[in-house]
Amino acid sequence: MMNGYGIKENGEFYPVSLQFGGHKLCGSGRFSNVYCGQMIAPIQKEVAVKNVWSDTETRHLKTSEYAEIQILTKLFHPAISNLLFFYSRSANDKTIHCLVLDYLPNEMAKMRDQGVKFDVLDAKIYTFQLFSAIAHLASKNIVHMDIKPQNVIMNRSTGNLKLADFGNARRLETNEKTGGAYQVTRFYRPPELLFGCEKFTPAIDIWSATCVAFELFANRVLFRGKDTKDEITLIIGVFGYPTDEDIKSMGVKRPRVARKEARGIETYTSKMLDPEIYDFLKSTLKIDPKKRKPAIEVLKLPLFDVIRAIPRKKRSNGMEIPNLLNYTEMYHKRESEVEVAPVDIETTEKAEKESKSSSSHSDEEDKGKEK
Ligand SMILES: Nc1ncnc2c1ncn2[C@@H]1O[C@H](COP(=O)(O)OP(=O)(O)OP(=O)(O)O)[C@@H](O)[C@H]1O
C-alpha cells in the first residue's frame with residue numbers, strides 16, 4: 001500500500017491508498033522511467049507509472065507542486081494520458097515524483113521504427129484524436145511543447161490514441177519565454193521557434209501535430225533537418241521565404257538562409273496523398289502561426305467525415321471505428337472513481353516522507369535519472 005493523492009473534479013487533491021500489482025519497464029525518457037502494470041486499488045485498471053527524479057530546482061517542491069502534475073490536474077480528455085493519482089517516494093536521499101497515468105500499449109515512434117504502416121482510415125482516426133487532444137489543451141490555455149511520435153501512445157487494436165508526456169507543457173497565463181530555438185524536437189519544431197520567437201502559443205502544437213499526422217499518412221518524416229539551419233532551409237524550400245507580414249507577426253529577425261521559391265507541399269511530397277489530406281496540411285502548415293487553423297476547426301474538416309458516419313465504418317482489422325463523437329467536446333468530467341477515505345492530508349504527507357523506498361519499483365532501475 002502506498003499513500004498518494006487523487007484529483008477531484010474541481011482540481012483539489014484528496015488522500016488515497018494506492019496498491020499495484022506487478023510492473024514492467026515500458027519506456028524511459030531522459031529524466032524518467034515509465035512502468036506499466038495493473039493497479040489493484042483504489043481502482044482496477046492497467047496504468048502507466050512515470051517516475052521522475054527531482055532536480056536541484058524541484059527538490060524543495062512537494063510532489064503536488066511539481067509542474068507536470070500541476071498541468072495535468074487541469075486536463076481531462078479521452079485523447080490525453082490523464083493523471084489519475086500521484087505519490088512520492090525516496091531513494092538514495094532523492095525524491096521521486098510518481099505519476100499514475102492512463103496507459104496505452106503502443107508508442108507511435110516504436111511502431112514506425114518497426115516498419116508498421118497505417119492505412120488512410122487509421123491515419124484519419126489517429127489524427128482526429130491528436131487534434132481533439134490539442135483542442136482541449138488550447139481550451140485550457142496550455143501548450144504541450146513537445147508533440148512527437150515518442151509522446152503519442154496508441155492501442156492499435158481498438159484504434160485509440162492518447163497524447164503523453166506533459167513534462168515540457170506550459171500554461172499561457174504565466175507569460176514565460178520559450179527559450180526559442182531549442183524547444184520542441186527539431187523535426188516537429190515550428191518556424192517561429194526556429195527563427196527565435198520566444199512566445200508560447202497553441203499554434204506551436206498545431207505545427208508539431210501536423211508533422212506527426214503527416215507521418216501517419218505518409219509513413220515518413222516530413223522535415224528531417226540535420227540541424228536548425230537545415231530544418232529552416234527545408235521549410236523555406238516548401239513554403240517560400242517568410243514575407244514581411246510573417247516576420248512582423250512572429251516578431252523575429254529575418255532568417256539568414258537563401259531565399260528560395262516555394263515548391264509547395266504537393267511537389268515536395270511527390271503528390272503522394274489524397275487532395276483532402278493536402279487541404280488539411282495546407283490549413284495548418286503556415287509560416288505565420290496566426291494563420292494556422294486552430295485545432296477545434298481542424299476537427300470539422302471533410303477529411304474526418306468518415307469518423308462521423310453512422311453506422312460506424314469498420315477498420316481493416318474488422319473492428320469498428322472507435323466512437324469519437326464526444327471527443328470534440330472540450331469538457332469531460334473526471335469520474336469520481338474512488339470513495340474518498342477519511343484520511344487527513346497532513347498525516348498522509350508525513351507518512352509519505354517516512355515511507356522511504358516503499359515501492360515495488362526497483363530503485364536500481366531508476367538510478368542515474370537525476371536531472
Ligand atoms: N501513459 C503511458 N502509457 C504508455 N507508455 C507511456 C506512457 N507515458 C509514457 N510512456 C512511454 O514512456 C516513454 C517516456 O515517457 P515520457 O516521454 O513521459 O518521459 P520523459 O522523461 O518526459 O521523456 P523525454 O526524455 O522525451 O522528455 C514514452 O516515450 C512512452 O514510450
Side-chain angles (χ1 to χ4, degrees), residues 7 18 20-39 43 45-55 57-58 63 66-73 75-87 94-114 116 126 129-130 133 136-137 142-170 178-179 182-189 204-205 208-209 211-212 215 361 365-371:
I7 300 130
L18 309 171
F20 300 95
H23 286 72
K24 68 174 186 355
L25 190 68
C26 64
S28 53
R30 279 162 301 165
F31 311 120
S32 69
N33 278 338
V34 178
Y35 298 85
C36 46
Q38 196 65 29
M39 177 158 217
I43 52 168
K45 188 174 182 159
E46 205 168 10
V47 293
V49 181
K50 178 171 175 175
N51 287 4
V52 193
W53 287 79
S54 56
D55 59 15
E57 276 171 37
T58 61
T63 292
Y66 176 60
E68 190 169 357
I69 290 181
Q70 288 277 319
I71 296 241
L72 281 167
T73 306
L75 303 173
F76 196 76
H77 189 274
I80 284 178
S81 173
N82 296 298
L83 179 67
L84 307 174
F85 305 99
F86 65 88
Y87 58 96
K94 306 270 169 12
T95 303
I96 305 174
H97 306 303
C98 306
L99 287 69
V100 183
L101 300 156
D102 282 324
Y103 167 78
L104 288 182
N106 309 114
E107 183 197 303
M108 181 181 160
K110 284 191 190 138
M111 285 194 279
R112 181 194 61 195
D113 297 345
Q114 289 159 2
V116 172
Y126 291 130
Q129 293 176 78
L130 183 57
H136 179 68
L137 297 191
I142 289 169
V143 191
H144 183 281
M145 292 300 292
D146 199 16
I147 297 180
K148 58 181 177 182
Q150 288 80 357
N151 291 336
V152 172
I153 52 173
M154 299 164 159
N155 182 331
R156 270 196 83 198
S157 134
T158 61
N160 285 104
L161 170 147
K162 285 177 184 284
L163 180 60
D165 189 5
F166 286 76
N168 292 305
R170 293 286 189 283
T178 60
Y182 297 100
Q183 289 285 330
V184 185
T185 303
R186 191 187 319 122
F187 302 162
Y188 309 94
R189 194 179 298 153
I204 293 173
D205 286 347
S208 310
C211 294
V212 170
E215 283 181 44
H361 303 148
E365 283 184 73
D366 280 332
K367 249 185 207 166
K369 287 277 179 187
E370 195 188 359
K371 282 192 198 182

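Just so you know, these numbers come straight off a predicted model, no measurement behind them. Note: hydrogens, waters and symmetry copies are ignored here, and every other heavy atom, side chains too, is used. Counting starts at 1 for both ligands and their atoms, following the listed order.
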- Report yes if D146 has an N/O atom closer than 3.5 Å to an N/O atom of ligand 1; otherwise report no. no
- Note on the structure: Note: ligand 1 atoms sitting under 4.0 Å from heavy atoms of E107 are 28 (C), 29 (O), 30 (C), 31 (O)
- Item | Heavy-atom side-chain proximity of Y126 to M108 below 4.5 angstrom | no
- Taking only heavy atoms of F31, which atoms of ligand 1 are found under 4.0 Å from at least one of them? 21 (O)
- Message: To check your reading of the model: name the closest protein heavy atom to atom 11 (C) of ligand 1, its residue, and the distance in Å.
- Response: G27 CA, 4.0 Å
- Query: Among all protein non-hydrogen atoms, which one is nearest to atom 18 (O) of ligand 1, and what is the separation to 0.1 Å?
  - Reply: K50 NZ, 2.8 Å
- Task: Return the residue, atom name and 0.1 Å-rounded distance of the protein heavy atom closest to atom 5 (N) of ligand 1.
- Result: I153 CG2, 3.9 Å
- Item | Distance from atom 4 (C) of ligand 1 to nearest protein heavy atom, with residue and atom | L104 O, 3.3 Å
- Give the numbers and elements of all ligand 1 atoms closer than 4.0 Å to a heavy atom of N151. 17 (O)
- Message: Side chains of N82 and D102 only: does a donor on one sit below 3.5 Å from an acceptor on the other?
- Response: yes
- Nearest non-hydrogen protein atom to atom 1 (N) of ligand 1, with distance, is D102 O, 2.8 Å
- At under 4.0 Å between heavy atoms, what of D165 touches ligand 1? The answer is both
- Is there a heavy atom in S28 that sits closer than 4.0 Å to ligand 1? yes
- Message: Could you tell me, atom by atom, which parts of ligand 1 come under 4.0 Å of a heavy atom of S81?
- Response: 1 (N)
- Item | Atoms in ligand 1 with a heavy atom of S32 nearer than 4.0 Å | 19 (O), 20 (P), 21 (O)
- In this structure, atom 25 (O) of ligand 1 is nearest to the protein heavy atom R30 N, 2.7 Å
- Query: Does ligand 1 have any atom sitting under 4.0 Å from a heavy atom of K148?
  - Reply: yes
- Item | Nearest atoms (heavy-atom pairs only) where F166 meets L163 | CE1-O, 3.5 Å
- Item | Y103: numbered ligand 1 atoms lying under 4.0 Å from its heavy atoms | 3 (N), 4 (C)
- Item | Nearest non-hydrogen partners of C211 and Y188, listed with the distance | CB-CD2, 3.6 Å
- Take the angle between the ring planes of Y66 and H97 and call it parallel below 30°, perpendicular above 60°, tilted in between. parallel
- Item | Shortest protein contact, atom 29 (O) of ligand 1 (heavy atom only) | Q150 O, 2.8 Å
- How far apart are the closest heavy atoms of K94 and W53, and which atoms are they? CB-CZ3, 3.3 Å
- Query: Which word best sums up how the rings of H77 and H136 line up, parallel for under 30°, tilted for 30 to 60°, or perpendicular for over 60°?
  - Reply: tilted
- Which atoms of ligand 1 are found less than 4.0 Å from any heavy atom of A48? 1 (N), 2 (C), 3 (N)
- Note on the structure: Checking heavy atoms under 4.0 Å, the part of K162 that sits near ligand 1 is neither
- Message: If you define the side chain from C-beta out and look only at heavy atoms, does anything of V47 sit under 4.5 Å from F20?
- Response: yes
- Query: Hey, does E107 have a side-chain heavy atom less than 4.5 Å from the side chain of P149?
  - Reply: no
- Give me the one residue out of N155, L130, N151, L104 that meets side-chain contact (heavy atoms from CB on, under 4.5 Å) with K162. L104
- Could you walk me through whether D165 and K148 pass the salt bridge (charged side-chain N to carboxylate O under 4.0 Å, His left out) test, one step at a time? CA-CA 10 Å; D165 189 5; K148 58 181 177 182; 5.9 Å; no
- Message: Just to confirm my output: which protein heavy-atom neighbour is closest to atom 6 (C) of ligand 1, and how far is it?
- Response: V34 CG1, 3.9 Å
- Message: Rounded at 0.5 Å granularity, tell me how far CG in L101 sits from CD1 in I80.
- Response: 11.5 Å
